[in-house]
Structures are given as structure tokens and as C-alpha cells.
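Count residues from 1 along the sequence.
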Amino acid sequence: MTKSFTGSPHTDQALAGFGAGLVSTGILHPLDVIKIRFQVDAAKRSEQRPLIGGTIKAFRDIVANEGVFRGLYRGVTPNIAGATASWGFYFWWYSLIKKHMKKDENGKLSALQHLIASAEGGALTAFMTNPFWVVKTRMCTTTRYTPDAYTGLWDGLKRLAREEGIRGLYRGMVPAIFGVSHGAIQFMAYEEMKKWRNDIRKEDGVSPKEEQDAKLNNTEYLVMAASSKVLATVTTYPYQVLRSRLQDRSTRDTYLGVMDCIRKISAAEGYIGFYKGLAPNIIRVLPGTCITFLVYENLNQFFKRHATE
């Protein structure tokens with residue numbers, strides 16, 4: 001039987017993911033605020049701002065007009081709730097699904113199996129956490145001075161359920177399901193890079209048992225996490241813009257659905273419209289992913305070192 005810190009290796013994975021999501025989200029939330037405000041900005045091509053310059057200007061404007069905590073950290077509670085729940089549930093499902101997959105003669109899964117396990121875990125997680133992301137989007141796109149704005153996570157969830165029902169709680173769910181491909185690509189690439197690195201160790205004379213238990217160093221985790229995240233982000237970013245537009249309260253009646261949203265963005269804003277907010281997103285996801293995976297892998301190793309039967 002596999003050793004576990006909590007009594008279940010899947011719960012160990014969930015706790016490691018929970019801690020990783022908590023740390024990275026708390027540190028980098030301000031860039032999420034800026035990214036989402038760019039994503040819901042429906043300015044036409046001729047009115048668009050330069051990406052990097054716009055990010056810096058937005059940061060300064062929010063601090064000046066709304067303050068640091070109440071501006072840059074508006075919506076941090078639903079973001080932390082959503083991120084910690086997402087990472088926790090995701091790693092739990094991911095670990096559980098992989099356990100029941102058929103492995104090769106070396107006890108390893110293929111790249112396709114990692115892709116499938118990640119996609120299945122991501123879809124289940126997206127369904128469980130979507131209401132948090134709706135509240136987060138609506139808080140990040142308003143200020144505390146905006147009339148009728150949500151005051152916090154519980155206020156947002158209660159009002160969303162009361163005023164819009166199940167449909168409101170699951171706004172943006174279709175592009176969120178599209179977004180499962182993001183996590184699937186990221187984790188497939190991450191797992192394949194880890195497997196490639198361990199294969200090199202094996203060629204260098206590390207025994208199979210040592211290879212299995214070996215802990216990669218933090219630099220290796222950073223390079224792998226950043227590389228896999230950039231690949232997934234550039235490949236799938238438009239789904240985030242679609243989700244934000246559909247979840248934003250001020251534009252909820254502007255778009256009739258995903259296809260209508262795609263047509264209207266394409267007509268008014270062009271191809272670049274689907275990549276609004278990419279600059280702050282890249283600035284946010286690189287350190288965010290590095291922090292997340294460092295915390296996750298180190299918590300995971302801690303649980304393994306202190307595991308009991």
C-alpha cells in the first residue's frame with residue numbers, strides 16, 4: 001500500500017495543490033485585476049492601448065484612484081477561494097484518475113494518458129468552481145464605488161444565485177470547458193518534461209528506485225513549470241477573454257452566447273481582441289506558475305518524507 005501523510009495519497013495531492021494555489025494567488029492577484037479589466041474592454045482596434053504600456057498605466061491608475069488593497073486586491077477573496085479549490089480539487093482528481101489508468105511495463109503513463117487525465121480532472125474542477133470565477137470577474141471589473149457592486153464573496157454568491165439562478169452561477173461555463181485544454185496541455189508538457197529529466201538520470205546511472213524517489217531541484221521545477229505554462233497560455237488564451245466577457249455583469253446582455261461573442265469580438269476588435277490582457281497575464285502566470293509548482297512539489301516531497309503506512 002502506498003505511504004501517505006494524511007492517510008490517502010490523493011488527499012496529499014489535494015493539500016499540496018491547495019497550498020500552492022493559496023500562496024501564488026495571494027501574491028499575484030493585482031495582475032489578475034488588470035488582466036480581467038483588459039479582457040472585458042470592448043474598445044475597437046483603433047482605440048486599443050499598447051500592451052506593456054497599458055499594463056503599467058492601468059496599475060498606476062488603480063493605485064491612484066482606488067488604492068492598493070481596495071483597488072489592486074479587489075476580488076481577492078473569490079480569487080483565493082476559486083484558486084485554492086481549483087488546485088486542490090484538480091490535483092485530487094488528477095491523482096485519482098491516473099491511479100486507475102493502465103500503465104506500461106515500466107509503470108509509466110503515456111503523454112496521451114497524461115493529457116486525458118488532466119482534461120478529465122480539469123472538467124470536473126471547472127464545474128465545481130465556476131461560481132467563484134463569476135463573482136471574481138464581476139468584482140475585478142467594478143470598483144467599490146460602482147453602484148450595486150458586490151461587496152465580497154458571500155454577497156456575490158448569494159446575489160448571483162438569487163438574481164440569476166443556476167444560469168448565473170454557471171455563466172462562462174462553455175469557454176471554461178474549452179479552457180480544460182489549457183490545463184491538459186500544461187500538465188502533459190510538465191509531466192513529459194519530468195519524465196524526460198528522470199530518463200536522463202537513469203541513463204546517468206540512477207537506479208529505478210532512486211529515480212522514482214528522486215526530487216528534482218527547484219531550478220528544474222521552475223524551468224519545466226514556466227515552459228509548460230507559456231505553451232498552454234499562448235495556445236489557449238482566447239477562451240479566457242470569452243469567459244470574462246460572458247461573466248462580466250455589464251456585458252451579460254451584449255453577447256447571446258459563445259459563438260455570438262466570437263463573432264462580435266472578431267468584427268469589432270479583430271484577431272487581437274482575443275488576446276487582450278495577454279501581457280499582464282504572461283507577467284502574472286510565469287511567476288504564478290513557478291510559485292505554484294514550487295510550493296506543490298515541495299509540499300508533495302514533505303508529505304512523502306513524513307508519510308506513514
Side-chain angles (χ1 to χ4, degrees), residues 14-15 17-37 39-40 62 66-67 69-93 121-180 182-183 239-258 261 277 284 288 292:
L15 285 176
F18 182 92
L22 177 64
V23 174
S24 64
T25 301
I27 294 173
L28 297 165
H29 178 76
L31 287 166
D32 262 344
V33 175
I34 296 170
K35 176 195 73 174
I36 292 174
R37 292 190 183 185
Q39 288 176 342
V40 301
I62 291 173
E66 303 171 46
F69 183 76
R70 292 188 174 183
L72 292 176
Y73 278 89
R74 178 162 175 78
V76 69
T77 306
N79 196 13
I80 287 177
T84 52
S86 291
W87 283 108
F89 282 131
Y90 178 83
F91 281 113
W92 188 81
W93 284 118
L124 290 166
T125 299
F127 180 79
M128 297 171 78
T129 60
N130 196 75
F132 292 129
W133 301 129
V134 179
V135 175
K136 171 199 166 184
T137 297
R138 294 187 176 185
M139 289 191 70
C140 289
T141 53
T142 59
T143 73
R144 60 194 174 105
Y145 306 112
T146 303
D148 206 31
Y150 296 159
T151 59
L153 172 60
W154 295 116
D155 176 62
L157 289 174
K158 287 187 292 185
R159 289 177 53 188
L160 186 59
R162 184 175 66 247
E163 296 167 8
E164 301 176 47
I166 295 296
R167 183 179 180 182
L169 291 169
Y170 284 92
R171 282 188 181 275
M173 189 65 207
V174 173
I177 293 298
F178 293 160
V180 167
H182 177 103
Y239 95 86
Q240 296 190 38
V241 175
L242 295 174
R243 184 178 66 177
S244 292
R245 296 284 179 101
L246 292 170
Q247 291 179 343
D248 183 23
R249 199 177 185 192
S250 65
T251 59
R252 63 184 175 182
D253 298 322
T254 303
Y255 306 110
L256 302 179
V258 175
C261 188
R284 186 247 183 272
T292 297

Distance, nearest 0.5 Å, that separates [atom1] of [X] from [atom2] of [Y]:
X	Y	atom1	atom2	result
Arg159	Arg138	CZ	CZ	9.5 Å
Leu160	Tyr170	CG	OH	10.5 Å
Leu169	Phe132	CG	CZ	10.5 Å
Glu163	Asp148	CD	CG	6.5 Å
Gln39	Leu242	CD	CG	9.5 Å
Ser244	Trp133	OG	CH2	11.0 Å

Given side chains that start at C-beta, do those of [X] and [Y] come closer than 4.5 Å, heavy atoms only?
X	Y	answer
Arg37	Ile62	yes
Gln247	Asn130	yes
Tyr90	Leu124	no

What are the two closest heavy atoms between [X] and [Y], and how far apart are they?
X	Y	value
Val135	Gly156	CG2-C, 3.8 Å
Thr129	Ala85	CG2-CB, 4.0 Å
Tyr150	Asp155	CA-OD2, 3.4 Å
Leu246	Cys261	CD2-CB, 4.4 Å
Thr142	Ala149	OG1-CB, 3.8 Å
Cys140	Gly75	SG-CA, 4.4 Å

For Val134, does its backbone N or O pair with a side-chain atom of Arg243 as donor and acceptor, under 3.5 Å?
-> no
Taking Arg245 for the side chain and Tyr255 for the main chain, is one N or O donor matched with an acceptor at less than 3.5 Å?
-> no
Is a salt bridge present between Lys158 and Glu164, judged by a nitrogen-to-oxygen distance below 4.0 Å?
-> no
If you count the non-hydrogen atoms of other residues, nucleotides and ligands that lie under 6.0 Å from CZ in Arg162, is the total more than 12?
-> yes
Step through the shown structure and confirm whether more than 12 heavy atoms of other residues, nucleotides or ligands are within 6.0 Å of CZ on Arg144.
-> yes
If you measure only the distance, is there a donor-acceptor pair under 3.5 Å linking the side chains of Thr141 and Asp248?
-> yes
Acceptor/donor pairs from residues 27-36 side chains to any protein atom, 3.5 angstrom cut, sequence neighbours excluded:
unit_1, atom_1, unit_2, atom_2, d
His29, ND1, Asn79, ND2, 2.8
His29, NE2, Arg74, O, 2.7
His29, NE2, Val76, N, 3.4
Asp32, OD1, Lys35, NZ, 3.4
Asp32, OD1, Arg284, NE, 3.2
Asp32, OD2, Asn79, ND2, 2.9
Asp32, OD2, Lys136, NZ, 3.4
Asp32, OD2, Arg284, NE, 3.3
Lys35, NZ, Gln240, OE1, 3.3

